[in-house]
Amino acid sequence: MADEVITRFAPSPTGFLHIGGGRTALFNWLFARHSGGKMLLRIEDTDRERSTDAAIAAILDGLAWLGLGWDGEVIHQFRRAGRHREIAEQLLAAGKAYYCYATPEELDDMRAKARAEGRPPRYDGRWRERAPSEAPPGIQPVIRLKAAQSGETVLDDKVQGCVAWANENLDDLVLLRSDGTPTYMLAVVVDDHDMGVTHIIRGDDHLTNAARQMQIYQALDWQVPVMAHIPLIHGTDGAKLSKRHGALGVDAYRAMGYLPEALRNYLVRLGWSHGDQEFFSMEEMIEAFDLAHVGRSPARFDFAKLENMNGHYMRQMHNADLLAALVAAWPHLPPRDDLPSRLDAEAQKKLLAAMPGLKERAKTLVELRDGATFLFAKRPLALDAQAEGVLEDGGRAHLAVLLARLSALEDWSPSATESVVRDYAEEMNLKLGQVAQPLRAALTGRITSPGIFDVLDVLGRGESLARIKDQAG
RNA sequence: GCGCCCAUCGUCUAGCGGUCCAGGACGUUGCCCUUUCACGGCAAAAACAGGGGUUCGAGUCCCCUUGGGCGCGCCA
């Protein structure tokens, strides 16, 4: 089992599961599954000020909704602080790290001066070779890594390729703060090592961190995991992903009526490709996913394509499954007072009957739900302006005739109602639309809806006739 | 400022030196289907950032310019 692939997703719980984080989790999950390995979950909660339990819950909820399960127990980084400290001290004892007594003010001055002189703002190593006996009184030191000052640090990144940094550009980073708590750099390295992580797949905002982390690995004589830094997702304007451009939590996507499988499919194709293939089932994704085809340039988030993809998924789903998805999403969708707040058995039955006509016309669950409004409307229906217009424009007279003829029908099947309406239109030398539109207006209150004979069928004889009667002139 | 990364249609991308007058998808436009709206079908417009090299041959390799992004904390 020594060569089993182990990836990890390591969010910091300072907010919801961001869409970019969702994609990172997806890539880690797919890579692990593809390789028959595991994906571990580590919560990076060492920032006690900003980490919250609510955020942890939101992240777990988001992952679950996306269908990305993790293996083993959730690791909480903060609880491992003792282990981190131990390693820092080990490094100190080995002469690979040292105490630094520079004060924050001193460091600020150092950086300000460096900037002013046009030099990079780095720690100058002033305590690197000094004995702790020279320490000024009353100062709690930090522990810094004694990093190599010459040569270079080279990362063979699976996505970015070979990336090299001159060590003189990397300063001696802090491992342990003056209050004895570990820094992120130390904690990440120690945790990934202890967790047996073999592949680190994360956003490329961590690329420079990778170099510094490699220095820690080297000081510890630990094997550096395989790294893959994936490009960040950008907004439609190419700049940082803003709220307006999709920088939302995955819960927001649920609220907008997207199916998790569609979001997953959209996300996997953002920065990764497999020839010309656009649609992937879960199995296909796992089978095809690889790091080699992850692109190096950042992708822009495009709602239009997501929406299209979601529409595809909705249409190919079985009606019962789509109904189940709608029922599950219902409480998360923006509320509307003209619709039931919960879907009881009766409501679900209506929805299922109307589903074939409804799902062709919706790209999201919100649209699906809104398209179903007529099913739950109370008589007499509130007509929108255009529906009103169709009825005013001679429609009511047709309704009166149709009411009589339809009332006489024994068989209320779509084919039966259709022949009644068609015959009438033919007799009057009208186009079918001239009769169908007033009917639609009376039955749904709108001028667009599923096929009118299906609407008649779904609504049922009693309700249909009553609605027609309400509007007949 | 310094370091690093990126650059094919509006967007996501295929392309790993010749098979590319650059392919697919979304979006857009037109036509068809049609009781509305959709769906579906067909078609069209639409790109190798610019400049130098290397090579018999470059979207594909190298350099520069330009334009984006990320990083440079006792945050993660």
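Computation of the quantities below employed the complete heavy-atom set of this structure, encompassing side-chain atoms and omitting hydrogens, waters and symmetry-equivalent molecules. These numbers were taken from a predicted model, which means no experiment stands behind them. Chain A is the first sequence line, chain B the second, and so forth, proteins listed ahead of strands; every chain is numbered from 1.
Considering only side-chain N and O atoms, A/R315 lies under 4.0 angstrom from the phosphate OP1 or OP2 of B/G40. A close approach under 4.0 Å does not occur between any side-chain nitrogen or oxygen of A/R269 and OP1 or OP2 of B/A25. Phosphate contact (OP1/OP2 of B/A25, side-chain N/O of A/N308, threshold under 4.0 Å): absent. Contact check, A/S273 against B/A14: a side-chain N or O comes under 4.0 Å of OP1 or OP2. Between B/G73 and A/R111, a contact under 4.0 Å exists linking OP1 or OP2 to a side-chain N or O.
The distance from atom NE2 of A/H229 to atom P of B/G71 is 12 Å, rounded to the nearest whole Å. Between the CH2 atom of A/W272 and the C1' atom of B/C12 there is a distance of 13 Å, rounded to whole Å. Rounded to whole Å, the distance from CD on A/E307 to C1' on B/G27 is 11 Å. Distance CG (A/D302) to P (B/A25): 16 Å, rounded to an integer number of Å. Atoms CZ (A/R440) and P (B/C37) sit 9 Å apart, rounded to a whole Å. One atom, CG of A/D290, and another, P of B/C16, lie 15 Å apart when rounded to the nearest Å. A straight line from CD of A/E105 to P of B/G73 spans 16 Å, rounded to a whole angstrom. With rounding to whole Å, A/D393 atom CG is found 19 Å from B/U35 atom P.
Using a 4.0 Å heavy-atom cutoff across all strands shown, A/N209 reaches at least one base atom of the nucleic acid. No contact: A/P11 has no heavy atom under 4.0 Å from any strand. Counting non-hydrogen atoms under 4.0 angstrom, A/F453 reaches a base of the nucleic acid. Among the atoms of the strands shown, base atoms are found under 4.0 Å from some heavy atom of A/S178. Here A/A292 lies out of heavy-atom contact (under 4.0 Å) with every strand. Base contact: A/E278 has a heavy atom under 4.0 Å from a base atom. Nucleic acid contact class of A/I447 (heavy atoms, under 4.0 Å, all strands): base. Counting non-hydrogen atoms under 4.0 angstrom, A/R144 reaches the backbone sugars and phosphates but no base. Counting any heavy atom pair closer than 4.0 Å across all strands shown, A/S297 reaches sugar-phosphate atoms only and no base atom. Among the atoms of the strands shown, only primed sugar atoms or phosphate atoms (P, OP1, OP2) are found under 4.0 Å from some heavy atom of A/T46. Among the protein residues, A/G271 comes within range of the sugar-phosphate backbone only, with heavy atoms under 4.0 Å from sugar or phosphate atoms but none that close to a base. A/R296 comes within 4.0 angstrom of the backbone, heavy atoms only, and of no base. Residue-level contact check: A/V174 touches the backbone only, with heavy atoms under 4.0 Å from sugar-phosphate atoms and none from bases. Using a 4.0 Å heavy-atom distance criterion, A/I452 is classed as a base contact.
Side-chain contact, A/Y424 with A/H398: a donor N or O sits under 3.5 Å from an acceptor N or O. Checking A/N319 against A/K359 by side-chain atom types alone, a donor-acceptor pair falls below 3.5 Å. When only modelled atom types and interatomic distance are considered, A/H84 and A/D191 share a side-chain donor-acceptor pair under 3.5 Å. Judged by distance alone, the side chains of A/T24 and A/R202 never bring a donor and an acceptor atom under 3.5 Å apart. Looking only at atom types and distance, the side chain of A/R80 has no donor-acceptor partner in the side chain of A/Q77 under 3.5 Å away. When only modelled atom types and interatomic distance are considered, A/S449 and A/R361 share no side-chain donor-acceptor pair under 3.5 Å.
Minimum atom distance to the side chain of A/R361 is reached by B/U36, of the listed B/C74, B/U13, B/U36. Minimum atom distance to the side chain of A/K305 is reached by B/C26, of the listed B/C26, B/G3, B/C5. Nearest to the side-chain atoms of A/P104 among the listed nucleotides B/U35, B/C12, B/C74 stands B/C74. The side chain of A/E360 lies closest to B/C39 when the candidates are B/U35, B/C39, B/U11. The side chain of A/V163 lies closest to B/C5, out of B/G15, B/C5, B/G69. Comparing B/C74, B/A76, B/C70 against the side chain of A/L232 picks out B/C70 as the nearest. Nearest to the side chain of A/W165, among B/A76, B/C4, B/U11, sits B/C4.
Spacing between B/C74 and B/C61 at atom C1', rounded to whole Å, works out to 45 Å. B/G51 and B/C12 have their P atoms separated by 23 Å, with the value rounded to a whole Å. When the P atom is used for both B/G30 and B/U13, the distance is 29 Å, rounded to whole Å. As rounded to the nearest Å, B/C5 and B/C64 have P atoms that lie 12 Å from one another. B/G67 and B/C26 are spaced 25 Å apart, taking the C1' atom of each and rounding to whole Å. For B/C37 and B/C31, the P atoms lie 14 Å apart once the distance is rounded to whole Å. Using C1' as the reference atom, B/A25 and B/G69 are 25 Å apart when rounded to the nearest Å. For the P atoms, the distance from B/U29 to B/G71 is 38 Å, rounded to whole Å.
Comparing A/Q160 and A/G295 along RNA chain B, the residue whose closest nucleotide (by nearest heavy atom) sits nearer the 5' end is A/Q160. Toward the 5′ end of RNA chain B lies the nearest nucleotide of A/A164, the other residue of the pair A/S12 and A/A164 mapping further downstream.
For the pair A/E86 and A/R83, the salt-bridge criterion is met [side-chain N within less than 4.0 Å of a carboxylate O].
Across all strands shown, B/G40 forms a Watson-Crick or G-U wobble pair, both distances under 3.5 Å, with B/C32. Base pairing analysis places B/A58 opposite nothing; no Watson-Crick or G-U wobble pair with both distances below 3.5 Å involves it. The pairing partner recorded for B/A25 is B/U11, the criterion being a Watson-Crick or G-U wobble arrangement whose two distances lie under 3.5 angstrom. Applying the Watson-Crick and G-U wobble criteria (two distances, each under 3.5 Å), B/C20 pairs with nothing in any strand. Partner assigned to B/G71 is B/C2, using Watson-Crick or G-U wobble distances below 3.5 angstrom.
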Atom pairs, protein N/O to nucleotides 18-23 of chain B N/O, distance under 3.5 Å:
| residue | atom | partner | partner atom | Å |
| --- | --- | --- | --- | --- |
| B/G23 | N2 | A/D276 | OD1 | 2.8 |

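A ring-centre distance under 6.0 Å is found for A/F27 and A/F289. Ring centroids of A/W412 and A/F453 are separated by 6.0 Å or more, keeping the two rings apart.
Applying the ring pair (Phe, Tyr, Trp, His ring centres under 6.0 Å) test between A/Y266 and each of A/F301, A/F303, A/W272, A/Y258 identifies A/F301 as the sole match.
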For residues 143-154 of chain A, which side-chain N or O atoms pair as donor and acceptor with protein atoms under 3.5 Å away, sequence neighbours left out?
| residue | atom | partner | partner atom | Å |
| --- | --- | --- | --- | --- |
| A/R144 | NH1 | A/D172 | O | 2.7 |
| A/T153 | OG1 | A/N167 | OD1 | 2.5 |

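Residue pairs meeting the salt bridge (Lys or Arg N to Asp or Glu O under 4.0 Å) criterion with at least one member in residues 386-401 of chain A, sequence neighbours excluded, are A/E388-A/R396, A/E392-A/R396.
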